[in-house]
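This report refers to the structure that appears directly beneath it.
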Amino acid sequence: MKLDTLAVHAGDRKRTGSFVPVTTPIYSASSFFYPELETLDRVFGNEIPGQNYTRYGNPTSNALEEQVAALEGGEWALACASGMAALHLAVTAALADRRKSIVAGPVLYGATIRLLTEILVPAGVEVHFADPADPPAFEATVSERRPSCVLMESITNPMLRVTPVDAVVEIAHRHGALVVVDSTFATPLLLRPLELGADLVVHSLTKYLGGHGDVLGGVVVSRDGFRPVLQAISRTVGGVLGPFEAYLAMRGIKTFPLRMARQCANACRVATWLAAHPRIERIHFPGDPRHPDAAVVRRLFPAGLYGGMVSFEVKDAGREQIFRLLDSLKMIVPATSLGDVHTMILYPPMSSHRDLAPKHRQRLGIGENFLRLSVGIEAPEDIIEDLRQALDSSLA
Ligand SMILES: *Cc1c(COP(=O)(O)O)cnc(C)c1O
């Protein structure tokens with residue numbers, strides 16, 4: 001079945017007693033039992049599937065997990081309390097019983113960098129960074145460091161570089177490393193890393209999959225072999241998603257393919273308009289034919305789909321002009337997060353990349369004039385009109 005169909009059907013409509021609910025209800029129960037204790041004993045023993053305690057699993061979360069596993073082409077998924085909880089779980093699982101060494105992409109979500117450098121490094125994990133856009137240098141680092149885990153984001157934030165996931169998998173596996181891909185920005189509409197050989201895929205459900213700005217959650221999707229280790233860690237550490245959040249995420253995901261297709265189309269319109277605007281110095285958009293990873297985009301993404309994010313630099317603007325610009329917006333929401341139905345704009349020097357020294361930011365390509373737009377599902381004319389009036393009125 002196709003993605004659009006799976007989003008609507010996968011995980012739902014399990015028979016409960018004599019009837020079938022059309023959507024999965026919220027099972028708020030913290031524990032479960034059976035008419036015969038024998039059955040509960042076998043559930044505890046993992047001999048038969050079933051429910052016993054919500055930290056071990058929950059019917060609402062299980063339905064969401066089935067839905068996301070279907071979208072990613074994975075065998076199994078585990079819903080977590082946040083995207084960060086999911087990343088921590090995936091990386092911990094990839095390191096379990098193996099050399100405590102990670103090679104990570106050079107540009108990562110801010111909290112992911114902190115997870116690596118402030119939580120894992122002090123716990124004795126070796127962490128090195130390497131850029132897969134330069135395959136020989138990347139392979140040299142992997143070969144020298146012999147990591148158990150290679151961690152990448154499929155589309156990086158906020159430069160929107162596109163990772164050659166196929167090449168990363170090939171190099172990592174040749175050197176015995178597992179590959180964890182944070183695919184939050186690409187979503188399964190653009191890329192399904194498991195189908196390219198990746199071992200674990202992580203999403204922040206908070207972003208495109210949930211899509212409505214009303215739920216925080218994460219998920220790890222895997223091939224079946226990882227189920228025991230993921231389950232063992234999660235059942236002990238307990239960073240699982242609650243059933244109310246699982247319900248909201250599942251409801252959001254039913255329209256995810258529709259929303260994302262619209263967001264991708266809107267992003268193309270907005271990027272083209274921005275690129276031609278006299279006050280815009282430069283755009284960063286995977287659909288731009290001059291994008292540094294244009295060849296990777298052509299190889300990995302379906303034609304015409306480049307994601308819903310557009311970054312851009314405003315000509316001769318500093319912090320003060322950028323603040324005026326954002327304060328002039330009438331519809332676009334100047335809040336953190338991304339992937340929601342409403343268009344959002346973020347100033348990385350103030351938020352996601354606040355803790356970096358300006359020099360370090362500059363090295364990453366993030367100047368004081370840099371903005372990141374998460375394009376929503378509104379009429380594209382209205383998004384463009386809001387940007388136009390804000391650029392005109394604030395930079396006059
Ligand atoms: C938001 C985000 C996360 C963290 O997800 P939370 O749900 O906020 O914990 C991780 N990676 C990427 C790429 C993100 O955008």
Side-chain angles (χ1 to χ4, degrees), residues 83-157 159 161-186 191 193-194 196-203 220-223 225-226 229-230 232-233 237 292-293 296 299-300 353 355-357 359-361 363-366:
M84 289 317 301
L87 259 170
H88 183 254
L89 173 62
V91 168
T92 311
L95 296 179
D97 293 331
R98 309 173 81 237
R99 232 174 97 74
K100 303 295 178 246
S101 168
I102 298 173
V103 167
V107 184
L108 297 164
Y109 184 70
T112 305
I113 298 177
R114 289 201 297 277
L115 169 66
L116 294 172
T117 58
E118 293 172 25
I119 309 274
L120 296 177
V121 167
V125 178
E126 260 183 45
V127 175
H128 297 279
F129 297 93
D131 190 351
D134 180 353
F138 177 72
E139 173 146 22
T141 305
V142 172
S143 147
E144 181 191 352
R145 302 300 179 179
R146 298 189 300 121
S148 305
C149 169
V150 165
L151 172 66
M152 293 287 149
E153 290 178 6
S154 49
I155 300 180
T156 67
N157 174 36
M159 301 309 294
R161 296 293 303 261
V162 179
T163 301
V165 175
D166 50 352
V168 166
V169 166
E170 197 273 319
I171 291 169
H173 283 181
R174 195 142 40 74
H175 294 277
L178 297 171
V179 177
V180 177
V181 178
D182 177 343
S183 208
T184 298
F185 275 47
L191 189 77
L194 296 175
L196 298 175
D199 298 284
L200 296 159
V201 170
V202 172
H203 283 281
V220 184
V221 193
S222 73
R223 292 190 270 109
F226 291 97
V229 63
L230 288 169
I233 299 168
V237 177
D293 306 310
V296 181
R299 191 168 80 236
L300 296 186
H353 294 72
D355 297 338
L356 300 181
K359 263 217 178 96
H360 186 181
R361 276 202 296 268
R363 237 185 356 263
L364 296 174
I366 307 165

(Q) With heavy-atom distances below 4.5 Å as the criterion, would you say the side chains of Phe129 and Leu116 are in contact? (A) yes
Q) Between Glu153 and Thr112, is any pair of side-chain heavy atoms under 4.5 Å apart? A) yes
- Message: A side-chain contact here means heavy atoms from C-beta on lying under 4.5 Å apart; do Tyr109 and Leu115 qualify?
- Response: no
In short, Val202 meets Ala90 closest at the heavy-atom pair CG2-CB, 3.6 Å
Smallest heavy-atom separation, Pro193 atom then Leu191 atom, equals CD-O, 3.5 Å
To the nearest 0.5 Å, atom CE of Met159 lies from atom CG of Asp293 at 10.5 Å
Mind running side-chain contact (heavy atoms from CB on, under 4.5 Å) on Leu230 and Leu89 for me, showing each step along the way?
CA-CA 7 Å; Leu230 288 169; Leu89 173 62; 3.9 Å; yes
One should read off an interatomic distance between Ile155 CD1 and Leu300 CG, to the nearest 0.5 angstrom, of 10.0 Å
dist Leu120:CG -> Lys100:NZ (nearest 0.5 Å) comes out at 10.5 Å
Here the salt bridge (charged side-chain N to carboxylate O under 4.0 Å, His left out) pairs for residues 163-177, sequence neighbours left out, are Glu139-Arg174, Asp166-Arg299, Glu170-Arg174
inquiry  = Quick check: do Val125 and Ile102 have side-chain heavy atoms less than 4.5 Å from each other?
reply    = yes
Hey, are the side chains of Val181 and Leu200 touching, using non-hydrogen atoms and a 4.5 Å cut-off? no
Test side-chain contact (heavy atoms from CB on, under 4.5 Å) on Arg114 and Asp355 and set out the steps.
-> CA-CA 11 Å; Arg114 289 201 297 277; Asp355 297 338; 4.1 Å; yes
Side-chain donor/acceptor of Arg146 to backbone N/O of His175, under 3.5 Å: no
State, yes or no, whether a side-chain contact exists between Val168 and Thr163 at a heavy-atom distance under 4.5 Å. yes
Q) So, do Leu196 and Leu194 sit near enough that their side-chain heavy atoms are less than 4.5 Å apart? A) no
Taking every heavy atom of Pro106 against every heavy atom of Ala130, the minimum-distance pair comes out as CD-O, 3.2 Å
Worksheet entry | Distance-only polar pair, side chains of His173 and Asp199, donor-acceptor under 3.5 Å | yes
Checklist entry - Does Glu126 reach the side chain of Arg99, with side-chain heavy atoms less than 4.5 Å apart? => result yes
Discussion item. Under a 3.5 Å distance rule, please check whether Ser101 uses its side chain to pair with a backbone N or O of Ser148 as donor and acceptor.
Written reply: no
